[in-house]
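Position 1 is the first residue of the sequence, and the numbers go up from there.
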Amino acid sequence: VQLQASGGGLVQAGGSLRLSCIASGSFFSLGSVGWYRQAPGKERELVADITREGSTNYGDSVKGRFSISRDNAKNTVFLQMNSLKPEDSAVYYCSAEIALRVAYPYDPGYWGQGTQVTVSS
């Protein structure tokens with residue numbers, strides 16, 4: 001099972017980016033998925049997460065600017081980032097809970113490789 005994060009890049013302040021996290025491989029169900037970010041010299045922080053049913057949660061610094069959504073049929077989670085600021089620059093990672101088989105519990109230990117977001121002032 002792999003998580004592939006993509007969509008990062010260089011954007012000017014005030015611009016937008018849309019990140020994608022795709023789960024691939026052999027598994028039964030994709031559970032909750034979270035986007036995290038880590039800037040140089042800083043701890044990794046939660047940006048947003050979403051349950052399989054669609055309940056969402058956002059970090060205080062991105063509320064009102066970022067939106068997380070998912071397509072369960074495609075095992076994909078999106079992070080729409082609007083009104084980007086230079087302080088949003090970081091490597092963004094997705095993390096997921098995955099149940100490998102029917103009746104297996106969700107394992108929260110899956111991480112993607114990260115995608116760089118750089119916001120210029």
Side-chain angles (χ1 to χ4, degrees):
V1 178
Q2 288 189 330
L3 291 180
Q4 180 74 35
S6 62
L10 174 63
V11 64
Q12 289 188 335
S16 298
L17 284 173
R18 190 191 196 203
L19 306 185
S20 298
C21 176
I22 301 174
S24 63
S26 178
F27 60 93
F28 171 67
S29 178
L30 179 66
S32 296
V33 177
W35 283 99
Y36 295 78
R37 67 186 182 187
Q38 187 166 22
K42 295 187 177 181
E43 294 186 353
R44 188 171 295 188
E45 64 173 344
L46 174 69
V47 177
D49 58 29
I50 185 168
T51 67
R52 181 168 180 82
E53 295 75 22
S55 295
T56 60
N57 176 54
Y58 295 92
D60 288 341
S61 61
V62 306
K63 285 180 180 177
R65 300 187 297 123
F66 291 11
S67 178
I68 190 170
S69 61
R70 66 189 291 160
D71 183 339
N72 287 336
K74 297 182 179 180
N75 292 318
T76 302
V77 172
F78 305 98
L79 183 69
Q80 179 66 43
M81 306 187 295
N82 299 327
S83 303
L84 282 161
K85 305 175 181 179
E87 51 264 42
D88 293 319
S89 298
V91 178
Y92 283 69
Y93 300 88
C94 59
S95 176
E97 298 179 339
I98 291 176
L100 293 179
R101 300 288 183 268
V102 174
Y104 275 38
Y106 282 97
D107 179 351
Y110 294 89
W111 287 85
Q113 83 290 0
T115 184
Q116 177 72 48
V117 171
T118 303
V119 184
S120 63
S121 56

Enquirer: The test is side-chain contact (heavy atoms from CB on, under 4.5 Å); show your working for Val33 and Asp49 and say whether it passes.
Expert: CA-CA 6 Å; Val33 177; Asp49 58 29; over 6 Å; no

Enquirer: Please report the shortest heavy-atom distance between Ser95 and Pro108, naming the atom on each side.
Expert: OG-O, 4.0 Å

Enquirer: Are Met81 and Leu46 connected, step by step, through hydrophobic side chains (Ile, Leu, Val, Met, Phe, Trp, Tyr) whose heavy atoms are closer than 4.5 Å?
Expert: no

Enquirer: Under the side-chain contact (heavy atoms from CB on, under 4.5 Å) criterion, do Leu17 and Asn82 qualify, and how do the steps go?
Expert: CA-CA 7 Å; Leu17 284 173; Asn82 299 327; over 6 Å; no

Enquirer: What's the spacing between Cys21 SG and Ile50 CD1 if we round to 0.5 Å?
Expert: 11.5 Å

Enquirer: Does Leu79 share a hydrophobic cluster with Tyr110, counting links as ILVMFWY side-chain heavy atoms below 4.5 Å and allowing steps through other members?
Expert: yes

Enquirer: Can you tell which of Val62, Leu19, Val117 makes a side-chain contact (heavy atoms from CB on, under 4.5 Å) with Arg37?
Expert: Val62

Enquirer: Decide whether Thr76 and Asp71 meet the rule of one side-chain donor and one side-chain acceptor closer than 3.5 Å.
Expert: no

Enquirer: Could you check whether Ser29 and Tyr106, counting side-chain N and O atoms only, form a donor-acceptor pair closer than 3.5 Å?
Expert: yes

Enquirer: Measure across Tyr58 and Ala48 and return the closest heavy-atom pair with its distance rounded to 0.1 Å.
Expert: CD2-CB, 3.5 Å

Enquirer: Side chains of Arg44 and Tyr36: do they bring a donor and an acceptor to under 3.5 Å?
Expert: no

Enquirer: Check whether Phe78 forms a cation-pi arrangement with Arg18 (NZ or CZ under 6.0 Å from the six-membered ring centre, at most 45° off the ring normal).
Expert: yes

Enquirer: For Gln113 versus Leu3, what's the shortest heavy-atom pair and its separation?
Expert: OE1-O, 3.6 Å

Enquirer: Between Leu30 and Arg70, what is the shortest heavy-atom contact and its length?
Expert: O-NH2, 3.0 Å

Enquirer: If you group Ile, Leu, Val, Met, Phe, Trp and Tyr by side-chain heavy-atom gaps below 4.5 Å, do Val77 and Phe27 land in one group?
Expert: yes

Enquirer: Just how far is it from atom CD1 of Ile22 to atom OG of Ser6, taken to the nearest 0.5 Å?
Expert: 5.5 Å

Enquirer: Is the Trp35 to Phe66 ring centre distance short of 6.0 Å?
Expert: no

Enquirer: One pair to check against side-chain contact (heavy atoms from CB on, under 4.5 Å): Ser32 and Arg52. What are the steps and the verdict?
Expert: CA-CA 5 Å; Ser32 296; Arg52 181 168 180 82; over 6 Å; no

Enquirer: Taking all non-hydrogen atoms of both residues, which atom of Lys63 and which atom of Asp60 are closest, and how far apart?
Expert: NZ-OD1, 3.1 Å

Enquirer: Main chain of Thr118, side chain of Ser89: is a donor-acceptor contact present, judged purely on distance under 3.5 Å?
Expert: no

Enquirer: Please name the residue in the list Leu100, Val102, Ile98 that meets the side-chain contact (heavy atoms from CB on, under 4.5 Å) test with Phe28.
Expert: Val102

Enquirer: Would you say the side chain of Ser16 lies within less than 4.5 Å of the side chain of Gln80, judging by non-hydrogen atoms?
Expert: yes

Enquirer: Nearest 0.5 angstrom please: Ser120 OG to Gln12 CD, how far?
Expert: 5.0 Å

Enquirer: Can you see which heavy atom on Ala39 is nearest to which on Ala90, and at what distance?
Expert: N-CB, 3.8 Å

Enquirer: Looking at Glu87, I'd like to know if its CD atom is crowded, meaning that more than 12 non-hydrogen atoms belonging to other residues, nucleotides or ligands lie closer than 6.0 Å.
Expert: yes

Enquirer: Please step through side-chain contact (heavy atoms from CB on, under 4.5 Å) for the pair Val47 and Tyr92, ending with a clear verdict.
Expert: CA-CA 9 Å; Val47 177; Tyr92 283 69; 4.0 Å; yes

